[in-house]
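Quick caveat: nothing in here was measured; it's all calculated off a predicted structure. Note that these values count all heavy atoms, side chains included, but never hydrogens, waters or copies made by symmetry.
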Amino acid sequence: LLTSCSSLLYTSLDVLRPAEVAFAPEANDLLIVNNTVNQPANFGHKTELLNQNIKNVNVPTDSTSLFCLGALLEDLDGKDFFSSVNMIPNSINKSKNFLQTTELDDSVVRNLCIANQTNTILSLDKIQVTDNLTESYIVENTTFLATLELQFESFWSIHYLNKKGVTKIQFKDTISWESESYYRKQTMGGLPKRADALVDGALTVGHKCVNRFIPYWDKVDRYFFSTNNKLMKQGMDSVYVKNWKSAINSWEMAFNKEKRSKTKAMAANNIAIGYEITGNLDKALEYAKTSLNLFGQSTIGDYNSIIRLSDYISELNQRKTEMKILKQQLSE
């Protein structure tokens with residue numbers, strides 16, 4: 001989709017990003033294991049109302065791991081990254097010490113893999129949430145403000161049937177709600193119930209973890225220059241029918257024939273994006289740097305284009321690094 005913005009046309013591209021934590025290439029069948037100890041209801045929940053002391057409150061959190069893992073399983077099922085994904089929802093951890101994290105030992109890993117016909121285990125070893133409900137008065141606005149903030153810490157480990165070693169991971173996530181009103185009662189009523197917020201927070205953690213464990217698609221914006229130059233127009237005509245080879249050829253002819261630095265800079269910008277879309281990141285970087293230099297040489301400076309191209313060059317360098325990681329993560 002191309003949208004006009006003065007002499008710029010911009011579109012969104014889908015870019016594949018690598019996961020934060022890579023599974024081994026042989027990880028085909030995944031078993032998600034609940035290895036947590038339930039968080040006590042009286043742990044980590046505080047309320048600080050206006051002009052009152054902080055109070056510890058009791059909130060049930062015994063299902064936090066189930067909601068988190070359920071969301072993770074649902075999203076992984078829809079990704080087709082593994083040949084199969086299964087889950088043991090009820091915790092296999094028999095300890096009663098919530099503060100201690102206990103990882104699966106080798107014999108447990110082997111037995112679970114054989115029993116479930118899998119070669120890879122993703123274990124949630126602990127999930128902890130601390131939540132604060134606060135209330136304040138904003139003098140400048142003469143309004144009441146209520147905030148509910150949840151801070152989750154989740155501890156994970158990855159195990160393999162035929163591979164020694166354990167990959168340990170820890171994530172931190174913050175989810176919050178705010179409510180503001182001239183009336184104190186309405187302010188508090190604008191927040192979700194605490195138990196519901198904990199469920200929503202656990203689901204959010206599970207959904208966010210998917211992109212941390214497997215490669216994911218991300219949308220990025222790219223900007224083309226549209227000018228009255230005949231060859232530049234021909235290039236844009238080719239873009240509309242997704243003929244990128246023809247578009248690049250037209251822009252390269254415009255670049256070679258044009259004498260004005262600014263028009264050459266615009267052509268080089270478009271060429272860079274064309275090469276990026278066709279998968280040639282080295283050529284994309286070459287022309288993006290050329291475009292940046294030409295904009296700098298232009299008699300009429302274009303500050304916005306210089307900033308945009310500087311950011312674009314950084315993105316391309318990042319993508320080159322990510323492509324190397326993706327090759328490892330997606331190797332058969």
Side-chain angles (χ1 to χ4, degrees), residues 32-75 87-105 108 121-138 144-157 166 168-181 183-210 212:
I32 302 172
V33 174
N34 186 348
N35 183 40
T36 64
V37 177
N38 289 335
Q39 179 173 331
N42 62 353
F43 181 93
H45 315 295
K46 295 183 178 181
T47 297
E48 186 176 2
L49 297 180
L50 191 63
N51 300 322
Q52 294 185 22
N53 293 328
I54 298 175
K55 293 182 179 179
N56 294 316
V57 296
N58 288 5
V59 185
T61 50
D62 53 333
S63 298
T64 305
S65 60
L66 293 175
F67 285 111
C68 175
L69 292 178
L72 175 65
L73 175 65
E74 180 183 6
D75 283 2
M87 183 175 79
I88 298 177
N90 296 321
S91 180
I92 64 172
N93 194 326
K94 304 304 179 185
S95 170
K96 296 187 182 298
N97 187 352
F98 168 72
L99 296 177
Q100 181 179 352
T101 303
T102 305
E103 295 171 3
L104 305 178
D105 61 35
V108 172
I121 290 177
L122 173 60
S123 173
L124 175 59
D125 299 318
K126 182 179 179 181
I127 183 167
Q128 174 179 317
V129 58
T130 56
D131 51 278
N132 293 287
L133 175 62
T134 59
E135 184 186 40
S136 59
Y137 183 75
I138 305 175
F144 295 93
L145 177 67
T147 302
L148 178 58
E149 182 177 273
L150 280 59
Q151 295 181 340
F152 282 89
E153 284 187 88
S154 54
F155 300 79
W156 308 76
S157 56
V166 180
K168 302 177 185 179
I169 318 105
Q170 178 183 352
F171 299 123
K172 293 184 179 181
D173 296 287
T174 300
I175 302 100
S176 62
W177 292 263
E178 282 190 354
S179 175
E180 186 174 354
S181 174
Y183 303 98
R184 185 177 181 183
K185 188 175 182 179
Q186 288 185 2
T187 303
M188 296 302 290
L191 295 178
K193 292 181 179 179
R194 206 156 188 165
D196 294 338
L198 288 171
V199 171
D200 288 344
L203 292 170
T204 299
V205 172
H207 288 307
K208 289 179 70 173
C209 282
V210 176
R212 292 163 170 165

Which value, rounded to the nearest 0.5 Å, describes the distance between [X] atom [atom1] and [Y] atom [atom2]?
X: Phe155; Y: Gln128; atom1: CZ; atom2: CD; value: 6.5 Å
X: Phe67; Y: Leu203; atom1: CZ; atom2: CG; value: 6.5 Å
X: Leu69; Y: Ser63; atom1: CG; atom2: OG; value: 11.5 Å
X: Lys208; Y: Ile175; atom1: NZ; atom2: CD1; value: 6.5 Å
X: Thr147; Y: Glu178; atom1: OG1; atom2: CD; value: 4.0 Å

Check: residues 32-39 side-chain donor-acceptor pairs under 3.5 Å, at least two apart:
from  : atom 1 : to     : atom 2 : distance (Å)
Asn34 : OD1    : Thr36  : N      : 3.2
Asn34 : OD1    : Thr36  : OG1    : 2.7
Asn34 : ND2    : Ser65  : OG     : 3.2
Asn34 : ND2    : Pro89  : O      : 2.8
Asn35 : ND2    : Thr102 : O      : 2.5
Asn35 : ND2    : Asp125 : OD1    : 2.8
Thr36 : OG1    : Ser65  : OG     : 3.4
Gln39 : OE1    : Val129 : N      : 2.9
Gln39 : NE2    : Phe43  : O      : 2.8
Gln39 : NE2    : Val129 : O      : 2.9

Does the side chain of Ser154 come under 3.5 Å of the side chain of Trp156 through a donor N or O and an acceptor N or O? yes
If we check side-chain contact (heavy atoms from CB on, under 4.5 Å) with Met87, which of these qualifies: Leu122, Leu73, Leu124? Leu73
Quick one: which of Asp131, Thr130, Leu133, Asn132 gives a side-chain contact (heavy atoms from CB on, under 4.5 Å) with His45? Asp131
Side chain to side chain contact (heavy atoms under 4.5 Å, CB included) assessment of Trp177 paired with Leu150: CA-CA 9 Å; Trp177 292 263; Leu150 280 59; 3.7 Å; yes
Under the side chain to side chain contact (heavy atoms under 4.5 Å, CB included) criterion, do Glu135 and Arg184 qualify, and how do the steps go? CA-CA 9 Å; Glu135 184 186 40; Arg184 185 177 181 183; 2.8 Å; yes
How close do [X] and [Y] get, counting heavy atoms only, and between which atoms?
X: Pro192; Y: Leu148; result: O-CD2, 4.1 Å
X: Ser179; Y: Gly190; result: OG-CA, 3.4 Å
X: Cys68; Y: Val205; result: SG-CG1, 3.9 Å
X: Thr61; Y: Pro40; result: OG1-O, 3.7 Å
X: Glu149; Y: Gln151; result: OE2-NE2, 3.2 Å

Which salt bridge (Lys or Arg N to Asp or Glu O under 4.0 Å) pairs, counting each pair once, include a residue from residues 36-59, with sequence neighbours left out? none
Taking the side chain as everything from C-beta on, heavy atoms only, tell me whether Glu180 gets closer than 4.5 Å to Ile138. yes
Is any side-chain heavy atom of Phe152 closer than 4.5 Å to one of Thr204?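 They are not in side-chain contact.
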Steps toward side chain to side chain contact (heavy atoms under 4.5 Å, CB included) verdict (Glu153, Lys126): CA-CA 8 Å; Glu153 284 187 88; Lys126 182 179 179 181; over 6 Å; no
For the pair Met188 and Phe144, evaluate side chain to side chain contact (heavy atoms under 4.5 Å, CB included) and give the outcome as yes or no after the intermediate values. CA-CA 9 Å; Met188 296 302 290; Phe144 295 93; over 6 Å; no
Other residues, nucleotides and ligands only: do more than 12 of their heavy atoms fall within 6.0 Å of CG on Asn53?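 Not buried by this count: 12 neighbours or fewer within 6.0 Å.
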